[in-house]
Amino acid sequence: MNGVKKQSFQFQLGRSDALRSSIKQVYIYVVLVLIVFVFSVMKLDQVEMFGRGHFLSPDSVINLLRSAVPILTLSGAFTLLMISGYIDLSVGSAMSLSAVVYALMILNGFSFWPALLITLILGVIMGSVNAYLVMNLRITPVIATLVTLSLFKGIALLIVPDGLSAIKGSPDKAMPGWINDYARKEVLFGLPAAFWVAVLVIVAMVIIQRKTILGKYAAAIGGNRIAADLSGISAVKIVWILYILVGLFAAMAGMARASYMSLGDPLSGDGMELDCIIAVLLGGTAFSGGEGSVAKTVIGSLIIICVTIGLMTVIPAYWQVAAKGSVLLIAVVLNHLLVRDTASA
Amino acid sequence: MATNQMQKPAAGVRLSDESFITVFMVGILVLVFALASLFVPNFSTAKNIFNLVTNNWFVIVLGVGVTLVLITGNFDMSVGGNIALTGVLSVYFVQGVNVSQNTLANGLGLPYVVAIGLALLCAVGVGAINAFFIAKLKVPSIIVTLGTMMLARGAAKVITQGAQRNTSLPDIFGWLGSLSIPGTSIRLPVLVMISLIILAYIFEKKTVFARRIYLIGANPEAARLSGINVAKYLTALYLVSGLLAGITGILLASEYKAGVSSRAMGYEFDALVIALLGGVSINGGFGSVLGMFVGAIILSVVTSAATGLLLSPDWQFTLKAIVTFIAILSQRYALDRRKA
């Protein structure tokens with residue numbers, strides 16, 4: 001929103017700031033292109049360009065976009081929350097709990113729409129719990145959401161019957177086959193409904209951030225909470241809405257994950273909070289809030305998915321954790337170099 | 001002078017807020033323990049009480065570092081990963097060179113003392129990475145330490161290829177973990193825990209360094225303006241926290257005679273929970289290591305009572321969450337009442 005204003009302000013400050021500002025505008029796209037390029041030229045001796053097994057083959061791109069559905073659904077709302085200076089570390093567990101509840105309902109004969117509705121209501125409740133703890137009881141966001149992380153995960157584990165690792169079909173009670181339809185069945189261009197829903201969510205979030213009061217107030221609260229309060233913005237109300245949005249989309253992401261895997265895994269969302277944080281930081285949102293862009297978070301999400309999927313084909317699975325940790329620290333450094341000074345300017 | 005403003009004993013009779021919360025939590029501990037003894041058979045036996053205090057030595061050792069960091073208003077979530085890394089490294093360093101076809105059985109063949117030294121150095125190194133990002137670059141500690149947690153655990157996974165290393169270890173490797181006071185069942189790790197608590201208590205009450213940590217937590221800006229080098233203090237604390245995690249990792253690896261890459265999953269959360277249970281607040285440079293110790297025993301009573309009541313282990317996450325919320329809210333209520 002104030003990107004243009006801030007940018008023109010930057011130009012007056014001198015060349016190095018102008019340079020930094022323009023680097024900040026484009027670097028994330030360059031990073032994405034670079035990563036895609038690296039994975040495309042890797043293994044070219046074994047597979048042909050765009051052929052079967054190549055990183056950019058149609059199959060692989062579709063697979064990549066399908067696995068990106070949860071983070072794409074969630075990261076927009078997560079960005080808005082971080083712009084307002086708050087954080088939700090419970091999103092991964094909220095996803096898992098929604099996945100378990102959704103799978104449980106489908107297994108017990110619910111049809112699609114009621115199950116979807118109840119899952120989304122669950123998401124709103126989880127978001128409200130976080131909002132209540134943070135805004136009304138004034139528990140530090142990190143602590144409050146770390147504890148709800150444990151709470152939601154615990155409930156998800158409790159719902160899954162003893163001796164089973166997930167809610168899934170059994171010989172006497174089969175999981176209906178249509179549970180897959182939402183996240184796997186082609187709708188348009190070989191991509192499932194879940195992907196197009198995620199795209200709609202992103203578009204909505206970009207519009208909310210750039211064109212609506214909610215987005216502007218979120219930035220105002222993150223920029224200076226006291227000033228926002230004094231100018232009559234109800235921070236409590238705005239942040240409540242943001243937490244509810246995050247909970248809602250976490251539930252939606254969890255449901256997409258359950259549909260994709262056709263089971264409700266109580267650990268399926270583990271680590272999602274870190275993926276979201278990486279995406280948000282790569283997208284140049286300031287740590288302390290006040291400034292950021294949903295659109296760039298989406299690019300950041302694509303970078304994570306490319307790295308995750310791309311690395312999976314190149315190095316053994318046990319490298320994943322270290323790789324992701326390094327990406328996070330690199331994102332922190334990039335973010336520090338490009339964002340911090342402009343945020344304080 | 002500024003260092004003392006946080007807890008000024010008014011008339012000598014009145015307890016400081018920190019002691020008040022510790023006493024308050026001891027009261028809760030007695031209550032929880034009494035309830036558990038009523039409902040769980042054989043709960044209040046001497047042996048069980050001893051186990052309640054000593055079984056969680058690793059979380060308490062971590063808790064010392066985490067509490068001190070938390071008092072400055074920062075987090076250290078990297079301790080769990082750090083334990084895994086140090087344990088795995090201590091094994092990797094002592095394993096024989098080229099003893100087997102299996103790569104997981106081959107190590108560097110260093111003497112045990114050197115191996116421990118190097119592993120501890122790596123643990124402190126993780127702390128140093130934390131300190132660099134947090135104190136120098138001013139990045140929020142939660143993000144950095146979650147990153148180093150993944151980095152440390154990831155490195156442990158890479159070294160063990162996602163599993164564990166437990167073969168071709170020299171006999172001396174298990175010595176530290178099984179060492180105990182002759183004739184008693186008090187093992188070395190427990191002694192480490194007790195001496196750390198005592199040291200930390202003296203440190204906290206008697207040194208200027210510690211009082212400045214409280215000031216940093218209460219108001220970092222005021223601390224900076226009164227001439228305290230905040231970065232130096234944060235760096236020292238993160239190094240200490242890394243070192244304690246390293247010691248824990250080495251002792252655990254020695255006890256199990258294995259370096260397991262998935263060791264200590266979630267310990268960072270447990271350490272945070274016991275600190276919160278013990279009344280440490282990240283808002284105002286408030287809390288004490290003694291309180292953390294009481295918190296640890298409360299958590300251990302609650303979880304073992306839950307196990308005694310035959311609740312499935314799946315209950316632990318929910319239980320910890322509920323207990324933490326109750327603790328945070330009741331402590332705030334108690335403090336508010338006291339001030340009113």
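The chains referred to below are lettered A, B, ... by the order of the sequence lines, with proteins before strands, and numbering in each begins at 1.
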If I take atom [atom1] from residue [X] and atom [atom2] from residue [Y], how far apart are they, to the nearest 0.5 angstrom?
X: B:Thr318; Y: A:Leu151; atom1: OG1; atom2: CG; answer: 6.0 Å
X: B:Met77; Y: A:Leu89; atom1: CE; atom2: CG; answer: 8.0 Å
X: A:Leu158; Y: B:Gln316; atom1: CG; atom2: CD; answer: 10.0 Å
X: B:Glu268; Y: A:Leu146; atom1: CD; atom2: CG; answer: 9.0 Å
X: A:Leu137; Y: B:Leu329; atom1: CG; atom2: CG; answer: 5.5 Å

- line: From the list B:Ile142, B:Val273, B:Leu276, side-chain contact (heavy atoms from CB on, under 4.5 Å) partner of A:Ile143 resolves to B:Leu276
task: Could you list the residues that satisfy ring pair (Phe, Tyr, Trp, His ring centres under 6.0 Å) with B:Phe58, not counting sequence neighbours?
output: B:Tyr267
message: Does B:Val158 form a side-chain contact (heavy atoms from CB on, under 4.5 Å) with A:Val321? I'd like the steps, not just the answer.
response: CA-CA 9 Å; B:Val158 169; A:Val321 183; over 6 Å; no
Could you tell me which non-hydrogen atom of [X] sits nearest to which non-hydrogen atom of [Y], and how far apart they are?
X: B:Phe317; Y: A:Lys153; answer: CE2-CD, 4.0 Å
X: B:Gly147; Y: A:Leu329; answer: CA-CD2, 4.3 Å
X: B:Ala155; Y: A:Ala322; answer: N-CB, 4.1 Å
X: A:Val147; Y: B:Phe325; answer: CG1-CE1, 3.4 Å

Does any part of the side chain of [Y], heavy atoms only, come nearer than 4.5 Å to the side chain of [X], both counted from C-beta?
X: B:Leu146; Y: A:Glu273; result: no
X: B:Phe133; Y: A:Val333; result: yes
X: B:Leu151; Y: A:Ser326; result: yes

field: Contact list for residues 130-143 of chain A, test side-chain hydrogen bond (donor to acceptor under 3.5 Å, both in side chains), sequence neighbours left out
entry: A:Asp88-A:Asn130, A:Ser90-A:Asn130, A:Asn130-A:Thr148, A:Asn136-A:Trp240, A:Thr140-B:Asn283
query: So, does B:Arg153 use its side chain to make a donor-acceptor pair with the main chain of A:Gly325 at under 3.5 Å?
result: no
- prompt: Based on non-hydrogen pairs under 4.5 Å, which of B:Leu319, B:Val139, B:Thr324 is most in contact with chain A?
  reply: B:Val139
- prompt: Under a 4.5 Å heavy-atom cutoff, which of B:Gln161, B:Arg332, B:Lys320 has the most pairs with chain A?
  reply: B:Gln161
- request: Report, as yes or no, whether the 6.0 Å neighbourhood of atom CG on B:Leu225 holds more than 12 heavy atoms from other residues, nucleotides or ligands.
  value: yes
Using non-hydrogen atoms only, which part of [X] is less than 4.5 Å away from chain B: side chain, backbone, both, or neither?
X: A:Ile278; result: neither
X: A:Leu328; result: side chain
X: A:Leu133; result: side chain

- prompt: What option among A:Ile155, A:Ile277, A:Leu274 has the most heavy-atom pairs under 4.5 Å with chain B?
  reply: A:Leu274
